[in-house]
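First the structure, in the form of structure tokens, and then the observations on it.
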There are 2 protein chains.
Amino acid sequence: MDAAMRGDARKETPRSRLLAAALALYSRHGVNGTSLQMIADRLGVTKAAVYHQFRSKDAILLALLEPLVSDMREVVERAECERTRTAQVESVLTGVIDLAVRHREVSALMQADPAVPALHASQSDSAALSERIGQLLLGPDPEPGRLISVAMLGSALMMTGKNPKLAAVEDEELRRQMLVAARRLLGLRSRG
Amino acid sequence: MDAAMRGDARKETPRSRLLAAALALYSRHGVNGTSLQMIADRLGVTKAAVYHQFRSKDAILLALLEPLVSDMREVVERAECERTRTAQVESVLTGVIDLAVRHREVSALMQADPAVPALHASQSDSAALSERIGQLLLGPDPEPGRLISVAMLGSALMMTGKNPKLAAVEDEELRRQMLVAARRLLGLRSRG
DNA sequence: GTCTATAGTCTGATAGAC
DNA sequence: GTCTATCAGACTATAGAC
């Protein structure tokens, strides 16, 4: 794999440092509550230096969301290939929990920040992926109770990683416990 | 009860209309994504007319949160008076679900909007109430699994009401189903 | 890649007439 | 209670020197 690196995970570049700073500020103050000046100040540079890396503020948000959206698409498509309802639910549940844990902050941002739907009105639609995840968990003709359980699960999975009390919990532990709790919430038996 | 009305529920006043407009905009665009001009436009008046009702933008948000914060305090204080752990959990769970359903939009705002913690740094602290709710649900020396279940429950309860798929569900139905789901999530037996 | 400087717009908030 | 008019400051974004 060469210099074309995906997302922000590869190496310490000016771009990746900028994305990390932006994510921290977006998480705390929201996208609309964060100015380019704040991002520049945190990096110790000027606004113009920020604009050298990204052509607009939207582009920064898009770059932050892209790895998560990409992974979401993969999870959804894999789950939709399963042939039994049970296997679909199992696949999407483990997949989404894995996402939510690996991309803790970005998940909460995508779920809760009003700037995200405003942005994706024109871009690769995260809302459509969330919708497909919901459908996979709901199945056909869901009862009201199921509808409500799935709605609760959606918020819980995407927002929980942001909880400061869980900051010290390691990924594997968090993933395992969230899966157990999610199964209880949906009324699934634990896997033997 | 005379003209001194609490919150926004009492009657159709200019003030209550303004709060309703602000809540709708805050829910969709976030507090920081909503300008006073947008609120004024929605009411068909000018910004100056808005400033006649509220001395600042913060004051509008504070007025929106006040009824929820007040009800939260009542729920927490009542639950803390219970003498057994089981009764405490039962009390806080039913109380919070009732809140979250009655104040659907405001609950999501309080839980997720970055403007709320920024505001309550100086005002009657909703964060402290959320903390006490968490403590009541956790109990002393919680295991990691319990910690994570309660974190998930917190997000789920406060955010679920905002879900557009549940907009048509009536309060009583939503309350009942959320209680059942919350009990499953926490591993409590359903009440006979 | 980073800077200074600035354009043009919108922001929250105020003053004062009606 | 609502208006017009205005303020000072912050905002995103651009231009061009180094």
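Chain letters run A, B, ... following the sequence lines, proteins first and then strands; every chain starts at 1.
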For [X] and [N], what is the distance between atoms [atom1] and [atom2] respectively, to the nearest whole Å?
| X | N | atom1 | atom2 | answer |
| --- | --- | --- | --- | --- |
| A/Asp58 | D/dT12 | CG | P | 11 Å |
| B/Ile39 | C/dT11 | CD1 | C1' | 13 Å |
| B/Ile60 | C/dT11 | CD1 | C1' | 14 Å |
| A/Arg15 | C/dT2 | CZ | P | 14 Å |
| B/Tyr51 | D/dT6 | OH | C1' | 14 Å |
| B/Leu18 | D/dG1 | CG | C1' | 12 Å |
| A/Leu119 | D/dT12 | CG | P | 15 Å |
| A/Phe54 | D/dT14 | CZ | P | 15 Å |

When you get a sec, tell me which of [options] is the closest nucleotide to the side chain of [X]?
| X | options | answer |
| --- | --- | --- |
| B/Gln37 | C/dT11, D/dC3, C/dC3 | C/dT11 |
| A/Leu36 | D/dT12, D/dT4, C/dC3 | D/dT12 |
| A/Ser56 | C/dT2, D/dA13, D/dT4 | D/dA13 |
| B/Lys57 | D/dC11, C/dC3, C/dA13 | C/dA13 |

*Which sits closer to the 5' end of DNA chain D, A/Met38 or B/Thr46, going by the nucleotide each is nearest to?*
B/Thr46
Would you say the side chain of [Y] lies within less than 4.5 Å of the side chain of [X], judging by non-hydrogen atoms?
| X | Y | value |
| --- | --- | --- |
| A/Asp71 | A/Arg102 | yes |
| B/Leu109 | B/Leu23 | yes |
| B/Leu174 | B/Arg104 | yes |
| A/Met72 | A/Ser130 | yes |
| A/Arg132 | A/Val92 | no |

*What are the two closest heavy atoms between A/Val50 and A/Leu36, and how far apart are they?*
CG1-CD2, 4.1 Å
Below 3.5 Å is the cut-off: list the nitrogen or oxygen pairs between protein and nucleotides 7-9 of chain D, distance only.
none

_Other residues, nucleotides and ligands only: do more than 12 of their heavy atoms fall within 6.0 Å of CZ on B/Arg28?_
no
*What is the nucleic acid contact for B/Ser35, judged by heavy atoms within less than 4.0 Å: base, sugar-phosphate only, or nothing?*
sugar-phosphate
